[in-house]
Amino acid sequence: MKLSKALGQFNLNDTVTVEITPGIFSVDIVSYSGANQEFNRRLALLTATYPNHQVVTDNGTFIADLIGGNPTDAVVQMVTEVLISNWSLKDDDGNDVPFTVDTAVSIIRSTDHPGIGRNLMHKLVQVSLNSSQFRADWEDGVAKN
């Protein structure tokens, strides 16, 4: 029995690459989904390291801030430690800028370009929450499972 059409929407990649600026900046985003093992692993690490993180202590407010693009410390930490898994970024001289949490936080919190970091963070969160962005080809998913 072939069910790829019926079940294909459940075949999702763990991450997706979002191209911000072609050839200069792309970000690998983890799907914000309890069905995503990579998300669960990264979230478990965050909450084990920071047991008083707002995602644990006040999840309702945290989710409202996350969805609303409010760059609270808890939201920025979630984005930089859980949702961004890697990036390809070149500086103005064409040098690679390796992904680190500290660098990601400094971009989101940049005072040199007010609003840009917040908009970037909000866009990445929206992608992470949109499961259709993570759809995989049925054959690819069957092969990896």
Side-chain angles (χ1 to χ4, degrees), residues 1-91 94-110 113 115-145:
M1 158 178 15
K2 294 185 79 172
L3 297 173
S4 61
K5 291 180 182 174
L7 301 176
Q9 68 179 343
F10 297 107
N11 185 32
L12 303 175
N13 292 311
D14 294 336
T15 62
V16 67
T17 300
V18 177
E19 191 167 38
I20 307 298
T21 306
I24 298 174
F25 192 21
S26 61
V27 182
D28 295 336
I29 297 296
V30 174
S31 172
Y32 194 113
S33 168
N36 180 349
Q37 292 178 354
E38 180 64 8
F39 172 77
N40 289 330
R41 183 189 69 75
R42 295 169 74 92
L43 180 61
L45 181 60
L46 177 80
T47 57
T49 306
Y50 307 100
N52 292 322
H53 191 280
Q54 189 183 28
V55 73
V56 174
T57 62
D58 187 5
N59 191 263
T61 299
F62 173 79
I63 294 297
D65 287 340
L66 182 76
I67 292 170
N70 185 8
T72 64
D73 290 344
V75 168
V76 170
Q77 188 173 36
M78 171 68 83
V79 170
T80 58
E81 295 191 30
V82 176
L83 300 183
I84 299 174
S85 65
N86 202 0
W87 68 30
S88 173
L89 175 61
K90 296 193 181 301
D91 67 15
N95 300 313
D96 289 330
V97 178
F99 171 75
T100 67
V101 169
D102 290 341
T103 304
V105 169
S106 71
I107 289 172
I108 290 171
R109 296 241 183 254
S110 174
H113 308 287
I116 297 293
R118 179 181 177 154
N119 291 341
L120 171 64
M121 181 196 74
H122 190 60
K123 175 181 176 137
L124 298 177
V125 167
Q126 293 307 310
V127 169
S128 182
L129 293 168
N130 184 349
S131 65
S132 68
Q133 298 289 324
F134 296 87
R135 288 218 175 111
D137 289 334
W138 180 257
E139 292 77 18
D140 291 344
V142 171
K144 79 175 181 184
N145 293 324

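All values below were derived from every heavy atom in this structure, side-chain atoms included, with hydrogens, water molecules and symmetry-related copies excluded.
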What salt bridge (Lys or Arg N to Asp or Glu O under 4.0 Å) pairs are there with at least one residue in residues 20-31, not counting sequence neighbours?
none
Partners passing side chain to side chain donor-acceptor pair (under 3.5 Å) against T47 (at least two apart in sequence or in another chain)
none
Enumerate the residue pairs fulfilling salt bridge (Lys or Arg N to Asp or Glu O under 4.0 Å) with a member in residues 66-78, sequence neighbours excluded, ordered by first and then second residue.
D73-R109
Test of understanding: with salt bridge (charged side-chain N to carboxylate O under 4.0 Å, His left out), list the residues that count as partners of D58, not counting sequence neighbours.
none
Going by the rule side chain to side chain donor-acceptor pair (under 3.5 Å), which residues pair with K90 if we only count those two or more places apart in sequence or in a different chain?
D96
Name all pairs fulfilling the ring-ring contact (aromatic ring centres under 6.0 Å, His included) condition that reach into residues 54-76, sequence neighbours left out, sorted by first residue then second.
H53-F62
Would you please name every residue forming a side-chain contact (heavy atoms from CB on, under 4.5 Å) with R41, sequence neighbours left out?
E38
Sorted by chain and residue number, the side-chain contact (heavy atoms from CB on, under 4.5 Å) partners of T21 (sequence neighbours excluded) come out as I24, F25
Would you list the pairs meeting salt bridge (Lys or Arg N to Asp or Glu O under 4.0 Å) in which at least one residue belongs to residues 15-26, sequence neighbours left out?
none
Could you tell me which residues satisfy side chain to side chain donor-acceptor pair (under 3.5 Å) with N86, sequence neighbours excluded, listed by chain and number?
none
Can you name the side-chain contact (heavy atoms from CB on, under 4.5 Å) partners of N95, sequence neighbours left out?
D91, D93
Results of side-chain contact (heavy atoms from CB on, under 4.5 Å) for N130 - residues two or more places apart only:
S132, Q133
For S106 and T103, which I'm curious about, is there any donor-acceptor pair between the side chains at under 3.5 Å?
no
